[in-house]
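Written out below as structure tokens is the structure these notes cover.
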Number of protein chains: 4
Amino acid sequence: MKDGELITSHSVQQHETLRKRDPERTRAEILAVSTEVFAAQGYSGARVDEIADRTRTTKRMIYYYFGSKEQLYLAVLKKAYSGIREAERAIQVCSLEPTEAIRQLAELTYDHHVRNSDFIRLVMIENIHRGVFIRQIESMREIVEPAVGMLDEILTRGQNEGVFRHDVDAFDVHLLISAYCVFQVANQYTFGYLFGRDLHAAPLSGHLRSMLGDVVVSWLLAPEGTARPVT
Amino acid sequence: MKDGELITSHSVQQHETLRKRDPERTRAEILAVSTEVFAAQGYSGARVDEIADRTRTTKRMIYYYFGSKEQLYLAVLKKAYSGIREAERAIQVCSLEPTEAIRQLAELTYDHHVRNSDFIRLVMIENIHRGVFIRQIESMREIVEPAVGMLDEILTRGQNEGVFRHDVDAFDVHLLISAYCVFQVANQYTFGYLFGRDLHAAPLSGHLRSMLGDVVVSWLLAPEGTARPVT
Amino acid sequence: MKDGELITSHSVQQHETLRKRDPERTRAEILAVSTEVFAAQGYSGARVDEIADRTRTTKRMIYYYFGSKEQLYLAVLKKAYSGIREAERAIQVCSLEPTEAIRQLAELTYDHHVRNSDFIRLVMIENIHRGVFIRQIESMREIVEPAVGMLDEILTRGQNEGVFRHDVDAFDVHLLISAYCVFQVANQYTFGYLFGRDLHAAPLSGHLRSMLGDVVVSWLLAPEGTARPVT
Amino acid sequence: MKDGELITSHSVQQHETLRKRDPERTRAEILAVSTEVFAAQGYSGARVDEIADRTRTTKRMIYYYFGSKEQLYLAVLKKAYSGIREAERAIQVCSLEPTEAIRQLAELTYDHHVRNSDFIRLVMIENIHRGVFIRQIESMREIVEPAVGMLDEILTRGQNEGVFRHDVDAFDVHLLISAYCVFQVANQYTFGYLFGRDLHAAPLSGHLRSMLGDVVVSWLLAPEGTARPVT
DNA sequence: GATGAATGAGGTTTCATTCAT
DNA sequence: CATGAATGAAACCTCATTCAT
């Protein structure tokens with residue numbers, strides 16, 4: 001039975017206060033709760049009823065503001081990406097020397113993913129849906145652009161200084177860091193269970209964090225083609 | 001493709017004849033179709049009706065053989081993991097010298113993930129559900145054990161030969177390789193879309209494949225602590 | 001018939017007009033029809049579809065208001081008991097002398113059972129289910145309390161006056177009366193059939209009614225131990 | 001999911017011994033198990049699958065021997081009544097003087113009901129179904145005849161001796177005793193729960209047993225019309 | 001702008017029963 | 001006699017959504 005529905009004629013009316021006449025607030029609340037619910041249950045698994053129940057408004061309001069479950073999910077997705085990119089923009093490592101800058105960038109990105117597991121989950125969900133929703137959001141690609149900007153700057157600097165290998169670009173590094181960071185959040189349940197370890201508990205969590213730095217840096221420092229034996 | 005592996009798309013639509021009274025076959029067909037449908041739509045999104053429609057049996061038979069949607073999903077999950085691990089066991093790189101063995105292992109794993117995207121999707125789905133299903137499958141942990149066995153062997157050999165760094169174990173390497181391989185399948189839609197590239201089309205696909213080898217090998221070859229500056 | 005009592009057959013088929021947007025009415029109608037259907041078919045035998053069809057609402061509404069078949073049954077059970085006890089409270093025999101009060105109480109209870117066969121049937125059904133449902137209804141025991149109150153009062157009066165035997169309490173008398181009254185309703189089909197008599201047709205019905213009075217009164221008037229021979 | 005169905009391809013095969021080629025035995029076993037299941041769950045609530053599972057045969061055999069769920073229930077009902085009447089015939093109280101004979105008959109009947117609660121439950125179930133099944137069983141009325149025979153004999157003797165009142169016949173006494181005995185079994189769950197007492201635990205059980213004797217005897221010994229005041 | 005009541009379509013599951021050997 | 005496999009029909013329940021005020 002859906003919680004949002006009437007069961008007895010005397011259903012509970014909680015937090016009646018602070019309720020009416022603040023459209024912005026209502027909208028924001030719906031969005032916040034929806035983010036949690038979609039992240040927790042997936043698109044199909046999420047229930048409009050549950051979202052409504054965890055809100056101080058009603059199901060009807062969700063349709064009033066967002067029109068449909070799909071459009072609500074779209075709004076959630078867009079907001080999640082914006083928030084993430086905004087946070088990424090806050091990372092400042094430009095003043096450091098390339099090697100250390102890259103390491104810090106990797107490790108801060110790592111922390112960032114750990115803190116934003118709901119976002120990671122939304123991305124997973126979106127991929128389960130083969131990206132059909134994200135493609136409907138205009139401006140999505142602009143939102144994401146700054147992501148590799150700083151990376152590109154550091155990388156070029158390191159390459160110009162002759163420290164970093166040249167057969168690598170910002171996209172590659174970004175992919176490597178992303179893969180690692182996303183994985184330890186996205187796959188924590190299966191991987192953690194199968195190996196009997198909690199990826200986010202000390203000391204493993206610390207080890208995994210610095211390991212990423214090691215991986216990225218040693219890769220960038222390694223001479224091109226060195227590792228690849230003469231075939 | 002070996003028997004233990006996932007049955008891939010459209011493998012069951014053949015011969016409408018020879019239909020009834022072959023329980024093993026019926027069961028297997030339901031399982032194969034279910035794998036596709038669950039992988040495609042997720043647990044909540046999958047419809048028992050759809051599975052039935054894509055089968056030569058009826059919805060009723062699904063319940064006859066598996067009891068419930070959940071138990072069906074469990075069977076799919078178990079079979080998928082078994083198939084994957086069996087395939088992993090087929091990788092033979094022991095005769096190579098450590099560096100090349102590791103590189104080949106990484107790249108074969110990469111290929112393997114590309115070919116078995118349905119499995120990756122099931123793992124994602126399972127993680128969306130926080131691993132509640134996988135934990136119900138006894139023997140799951142045994143299934144997974146061989147995964148790091150060979151890796152451990154290669155790594156130890158390389159460390160004994162003084163080629164590989166010592167502050168790394170099989171679990172670490174496995175995690176790095178898994179993260180990279182899973183990511184390029186799991187996140188292909190969002191990542192590919194946001195950067196306007198198809199991760200699985202040449203020449204990018206080839207680059208990404210060999211890049212993994214580079215990353216892993218240069219990391220293992222790098223002296224411990226070298227990359228980390230004195231703080 | 002009073003408001004609190006069971007709504008009897010065909011009481012809801014009237015006026016098809018004035019249909020929507022009267023939740024109390026809708027709820028009450030579902031409850032009334034459900035009472036009939038559960039009483040007629042038992043818990044397992046009752047069909048939510050049938051209840052819906054005999055209502056001016058839809059099956060969906062039943063779930064909207066009651067959540068599940070079980071909760072609907074629980075509501076029916078609770079309402080049935082409340083109605084009965086309310087009716088019992090209406091019996092007024094306190095002004096009569098004890099012997100006659102008891103006789104009237106017994107005979108009114110008898111009439112009452114004849115009129116409320118749906119309630120008796122629900123009680124039978126509940127006993128078939130070993131009381132699992134009734135135990136889930138809080139306040140059930142409070143509802144029933146007044147049942148023996150008046151009886152206790154009459155009995156004590158009669159005992160103090162030296163008319164009634166002393167080795168008997170209100171619970172005993174209530175059980176005897178209940179057994180007799182319930183039986184002639186509950187077992188009317190098998191008993192009536194096996195003996196080829198309709199328990200509710202004159203003159204048998206009248207005989208059985210006054211016979212209960214005789215039984216109870218002669219028992220209460222008999223000296224203690226008299227009937228029991230010296231062993 | 002029904003237990004009787006195939007779930008894994010390797011379902012359990014218990015007690016394979018003592019199984020085949022004994023039709024009488026098989027039939028009897030099905031009947032015995034069915035009695036328990038119908039008595040426990042009612043007609044609609046009983047599951048053919050459950051009956052099959054609690055048997056050493058299969059569901060298919062039930063249909064082989066009995067044709068349908070209804071016919072199986074009919075067989076159960078018939079057997080239950082036969083068994084009960086046979087047991088009743090065993091009661092021998094003819095040699096006692098009328099008052100004591102009646103008391104013993106009542107109390108032995110009481111014991112008998114306590115011991116045969118499954119039969120009582122079947123009777124309840126049959127009454128819930130308004131006796132539609134019992135009417136289909138020919139010879140049912142003959143089965144039941146001896147029930148009042150002995151009672152009639154005792155009663156006549158007592159009346160001839162001038163001990164028992166004359167406005168009462170064997171049917172009346174049988175009804176009173178039946179009502180009391182059936183009730184304490186049939187309604188034990190609701191009545192016991194509502195009054196917080198277990199009708200079948202000492203000392204209440206003993207009290208209720210002898211109370212029935214008191215009730216019947218004092219009623220029969222009371223002069224006609226005495227209790228009924230002049231109106 | 002806001003809301004409780006209502007709902008059609010479709011979801012999962014279960015039932016007694018029969019088929020084919 | 002015996003059986004595992006199969007099944008159509010219908011059961012209970014849930015979904016996102018809209019109505020009427």
Side-chain angles (χ1 to χ4, degrees), chain A residues 1-6 9 11 13 19-23 26 44-52 57-65 67-70 72, chain B residues 19-24 26-27 44-52 57-70 72, chain C residues 19-24 26-27 44-52 57-70 72, chain D residues 1-6 9 11 13 19-23 26 44-52 57-65 67-70 72:
Chain A
M1 196 222 43
K2 277 150 297 166
D3 298 306
E5 301 204 329
L6 179 65
S9 46
S11 59
Q13 249 103 13
R19 176 138 166 219
K20 306 192 174 187
R21 317 279 154 174
D22 189 345
T26 302
S44 313
R47 298 289 165 248
V48 178
D49 275 298
E50 186 186 343
I51 293 171
T57 36
T58 64
K59 192 160 51 160
R60 187 65 192 81
M61 279 299 92
I62 293 171
Y63 284 90
Y64 192 81
Y65 282 111
S68 72
K69 185 185 181 179
E70 180 172 334
L72 176 59
Chain B
R19 181 164 182 181
K20 305 193 173 187
R21 310 282 149 176
D22 188 344
E24 267 330 301
T26 303
R27 214 189 117 94
S44 314
R47 297 286 166 245
V48 177
D49 273 299
E50 186 187 342
I51 294 172
T57 43
T58 62
K59 189 165 48 161
R60 186 62 191 78
M61 277 292 94
I62 294 171
Y63 285 90
Y64 180 68
Y65 280 106
F66 296 93
S68 71
K69 185 181 180 181
E70 179 172 338
L72 176 59
Chain C
R19 183 161 181 182
K20 306 194 174 188
R21 310 282 149 177
D22 188 345
E24 267 330 302
T26 303
R27 214 188 116 94
S44 313
R47 298 287 168 243
V48 178
D49 273 297
E50 186 188 340
I51 294 172
T57 44
T58 62
K59 189 166 47 162
R60 186 62 191 77
M61 276 293 94
I62 294 171
Y63 286 92
Y64 180 69
Y65 280 106
F66 296 93
S68 71
K69 185 181 180 182
E70 178 171 337
L72 176 59
Chain D
M1 197 223 39
K2 278 149 296 167
D3 298 305
E5 300 203 331
L6 180 65
S9 47
S11 60
Q13 248 104 13
R19 178 140 167 217
K20 307 193 173 185
R21 317 279 154 174
D22 189 345
T26 302
S44 312
R47 299 289 164 247
V48 177
D49 275 298
E50 186 186 344
I51 294 171
T57 37
T58 64
K59 191 162 49 161
R60 188 65 192 78
M61 279 297 92
I62 294 171
Y63 284 90
Y64 192 82
Y65 283 110
S68 72
K69 184 184 182 181
E70 180 172 336
L72 176 58

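By convention in this document, chain letters (A, B, ...) are assigned in the order of the sequence lines, proteins followed by strands, and residues within each chain are numbered from 1.
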[X] has an atom [atom1]; how far is it from atom [atom2] of [N], in whole Å?
X	N	atom1	atom2	answer
B:F66	E:dT14	CZ	P	16 Å
B:R27	F:dA6	CZ	C1'	16 Å
D:E50	E:dC15	CD	P	10 Å
D:L72	E:dT17	CG	P	10 Å
D:I62	F:dG4	CD1	P	13 Å
D:I51	E:dT17	CD1	C1'	14 Å
C:E24	E:dG4	CD	C1'	13 Å
B:M61	E:dC19	CE	P	15 Å

In degrees, rounded to 10°, what is the bend between the two ends of the helix from E:dA2-F:dT21 to E:dT21-F:dA2, using five pairs at each?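 The helix from E:dA2-F:dT21 to E:dT21-F:dA2 shows an end-to-end axis angle of 30°.
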Is the phosphate of E:dA2, meaning OP1 or OP2, less than 4.0 Å from a side-chain N or O of A:Y65?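 For A:Y65, the contact criterion (side-chain N or O under 4.0 Å from OP1 or OP2 of E:dA2) is met.
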Counting only side-chain nitrogens and oxygens, does B:T26 get under 4.0 Å of the OP1 or OP2 atom of F:dA5?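 No, no such contact exists.
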Kindly compute the distance separating OH (B:Y65) from OG1 (B:T57), expressed to the nearest 0.5 Å.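 So the gap between those two atoms works out to 8.5 Å.
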Are the side chains of B:L72 and B:I51 in touch, meaning some heavy atoms are under 4.5 Å apart?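 When only atoms from C-beta onward are counted, B:I51 and B:L72 do touch, with a gap below 4.5 Å.
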Heavy-atom pair with the smallest gap, counting every atom of [X] and [Y]:
X	Y	result
D:V48	D:I62	O-CD1, 4.0 Å
A:G45	B:S44	CA-OG, 3.5 Å
B:T58	B:A52	C-CB, 3.9 Å

Go through the structure and list residues passing side-chain hydrogen bond (donor to acceptor under 3.5 Å, both in side chains) with D:K69, not counting sequence neighbours.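 Once residues adjacent in sequence are excluded, D:K69 has no partner under the side-chain hydrogen bond (donor to acceptor under 3.5 Å, both in side chains) criterion.
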Set out, line by line, the N/O atom pairs under 3.5 Å between protein and nucleotides 9-12 of chain F.
residue : atom : partner : partner atom : Å
F:dC12  : OP1  : C:A46   : O            : 3.4
F:dC12  : OP1  : C:K69   : NZ           : 3.1
F:dC12  : OP2  : C:V48   : N            : 3.1

From the set E:dA2, E:dA6, F:dG4, return the single nucleotide nearest to any side-chain atom of D:T58.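 Nearest nucleotide to the side chain: F:dG4.
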